[in-house]
J.: 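After the structure tokens below, expect a handful of questions from me.
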Amino acid sequence: MGSGENNPLGAQNAWDMLSDEQSQKHITTGSGDLNNILGGGIHCKEVTEIGGVPGVGKTQLGIQLAINVQIPMQYGGLGGKAVYVDTEGSFMVERVYQIAEGCISDILEHFPHSHEKSSSSNKQLQPEHFLADIYYFRICSYAEQIAAINYLEKFLGEHKDVRIVIIDSVTFHFRQDFDDLALRTRVLSELSLKLMKIAKAYNLAVVLLNQVTTKFTEGSFQLTLALGDSWSHSCTNRVILYWNGNERYAYLDKSPSLPVASAPYAVTGKGVRDVVSSNHKRVRVT
Amino acid sequence: MRPPAPNPPPAASSSSYSRREPRPENPLLLLPSCRAAKLSLGCPLLDRLLSGGLPAASVTEIAGESATGKTQLCLQLALLAPQSPLSASSLFLHSDLPFPLQRLRRLAPKSRPDILDHVLVAAAHSPAELLSLLARAQLLLSNPGRSPHRRPIRLILLDSIASLFRADFDASPADLRRRSALFFKISAKLKELAYRHKCVVVVTNQVVDVVERDAGNTVAWSSGRRVSPALGIAWANCVNTRLFLTREADGDGAGGSARRRMRVAFAPHLPEQSCEFVIRRDGVFGIEPTES
């Protein structure tokens, strides 16, 4: 698939690495503004953490990425499959179907001649097809979560077409009575090392959704991402989703190559999209 | 092609279900049951707000100040479950005493006194009691054969989560941590029962006046107060769907009483929208918007 493949020895010089990086595609978030601050979208071979308060759209973005990773190559996508590890039970299949329909209707709008294309590509553009290409794991305890991530190494070896692994959320089962915080830290850092390895080895994006918690510092309560500071070193990129009045915003908090920036986004019936209002005027919907 | 046994966890699992090997599911195959297994609220307008009713395998919170209809809705659901396509019994866990038996009787259809047989009631007075009740509920759900006359439990109601946490906790950081660990433990158990047994789980919650430390939590106006669901943002992370029942400050709504509203504060499958409702003798019902 193009010029980005490694040489048979597996060695890469700087030029190879650069061209590899350039030919590497991104997974679109559905919002152009959000893609811009992320340098094109969610990057393969990297771990991206996305945090935010309940209801701001973490799961919506997670589902959107599981759909968008499947956009066929002839329409500018990666044509890959998705692994969705659901630890909280918020992966609602009827919503996944809607988001798939929204994605397909946008593709057909941007490629108006695609109706005339071969029947095989039209067959690809069915919401049912998008749903069936998500490997969905429902996890009910942290032990199961660890087992699933260990199993992923083998699973991805057998399913090389997977381009994204989403964990929604990485936090939930680690916020129960973990009396031994040192153990928790150790378990979590092992987990994140595995995920980084997986991202590199299988050329896929790892997206970790994280909850927000209140932390008592310097005499006041402040919002911060859950699981503490030890965890925050283990992600290449960190995006915080937040409310600004009635608008949703994403803030790129950490990235190896991109500046800190923020952008508005919207969650519509079709999924995650740009805010569409004249001059970004705030629209109050009640 | 069987995957190898996963590595043993570093500590004992909190779940007593036998460990299963990770196995991916195909969302396409889950779609029909996801759409069908909704519990109707017995009112087309409220069902429309919720895209068919309350979803199974998911935890729905109904938050609101006192007398906004939370308990009424729970009783209504408990009576509807046996008559619904789910044809299910319900488990009603209550922490407020006494259990509103008279209200349940009044709501039950006169022609169907047997409906009450399908409502199982248990009281929980503390988080520890609730957790032990949920462990017993798991046995009951896992072995439905033991009760031949009873329909399978597909609805779990908890009324309310906030009253379990009234006592024994202060506002110190250590106590807040202990408290939120319990939220996550309770929520994980409810979600596990919901997923493994395709149950609809409903948890009611009270409200508190908005305080500074709860930045990020849902806020709404109700009876002229700015309120948030109780138990802070930690608990907000524990539910899949949050429905907020509010009441307008002035009493010029239907029937001279204050207007009430059911609002989807957040839900993975629903847009943020709302519906006005009334509480009648025979239950909670949505009403069409009266102003254009």
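A note on names: the letters A, B, ... follow the listed sequences, proteins ahead of strands, and every chain is numbered from 1.
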J.: Go through Glu272(B) and Arg248(A) one step at a time and tell me if the salt bridge (charged side-chain N to carboxylate O under 4.0 Å, His left out) criterion holds.
T.: CA-CA 13 Å; Glu272(B) 289 125 39; Arg248(A) 293 173 158 98; 2.8 Å; yes
J.: Among the options Leu152(A), Thr213(A), Val212(A), pick out the one with the most heavy-atom pairs lying under 4.5 Å from chain B.
T.: Val212(A)
J.: Between Ala188(B) and chain A, with a heavy-atom cut-off of 4.5 Å, which part of the residue counts as in contact: side chain, backbone, both or neither?
T.: both
J.: Arg186(A) and Glu190(A): salt bridge (charged side-chain N to carboxylate O under 4.0 Å, His left out), yes or no, with the steps?
T.: CA-CA 6 Å; Arg186(A) 191 168 59 83; Glu190(A) 272 172 25; 3.4 Å; yes
J.: When the ring planes of Phe155(A) and His159(A) are compared, do they come out parallel, tilted or perpendicular, using 30° and 60° as the limits?
T.: parallel
J.: Given a strict heavy-atom distance threshold of 4.5 Å, which part of Thr241(B) is in contact with chain A: side chain, backbone, both, or neither?
T.: neither
J.: Which answer fits Tyr84(A), side chain, backbone, both or neither, if we ask what part of it has an atom under 4.5 Å from a heavy atom of chain B?
T.: neither
J.: Non-hydrogen atoms of chain A under 4.5 Å away: do they reach the side chain of Ala194(B), the backbone, both or neither?
T.: neither
J.: Tell me whether Lys191(B) forms a cation-pi arrangement with Phe172(A), defined as NZ or CZ under 6.0 Å from the six-membered ring centre and within 45 degrees of its axis.
T.: yes
J.: Using only atom types and a distance under 3.5 Å, with no angle test, would you say the side chain of Asp209(B) pairs donor to acceptor with the backbone of Val227(B)?
T.: no
J.: Under the side chain to side chain contact (heavy atoms under 4.5 Å, CB included) rule, collect the residues that match up with His129(A), sequence neighbours excluded.
T.: Gln124(A), Gln126(A), Asp133(A)
J.: Please flag which part of Glu128(A) lies under 4.5 Å from any non-hydrogen atom of chain B: side chain, backbone, both or neither.
T.: both
J.: List the atom pairs, with distances to 0.1 Å, where a side-chain N or O of residues 26-37 of chain B and a protein N or O form a donor-acceptor pair under 3.5 Å, not counting sequence neighbours.
T.:
unit_1	atom_1	unit_2	atom_2	d
Asn26(B)	OD1	Leu28(B)	N	2.9
Ser33(B)	OG	Leu30(B)	O	3.0

J.: I would like to know whether Asp106(A) and Lys270(A) meet salt bridge (charged side-chain N to carboxylate O under 4.0 Å, His left out); could you show each step before the answer?
T.: CA-CA 9 Å; Asp106(A) 277 18; Lys270(A) 289 164 94 179; 2.6 Å; yes
J.: At under 4.5 Å between heavy atoms, what parts of residues 87-97 of chain A are in contact with chain B? List them by residue number.
T.: Glu88(A), Gly89(A), Ser90(A), Phe91(A), Met92(A), Val93(A), Glu94(A), Arg95(A), Tyr97(A)
J.: Pick whichever of Thr59(A), Ile139(A), Ile134(A), Thr171(A) has the most heavy-atom pairs under 4.5 Å with chain B.
T.: Ile134(A)
J.: I need the full list of salt bridge (Lys or Arg N to Asp or Glu O under 4.0 Å) pairs touching residues 231-245 of chain B, with sequence neighbours left out, sorted by first then second residue.
T.: Glu61(B)-Arg242(B)
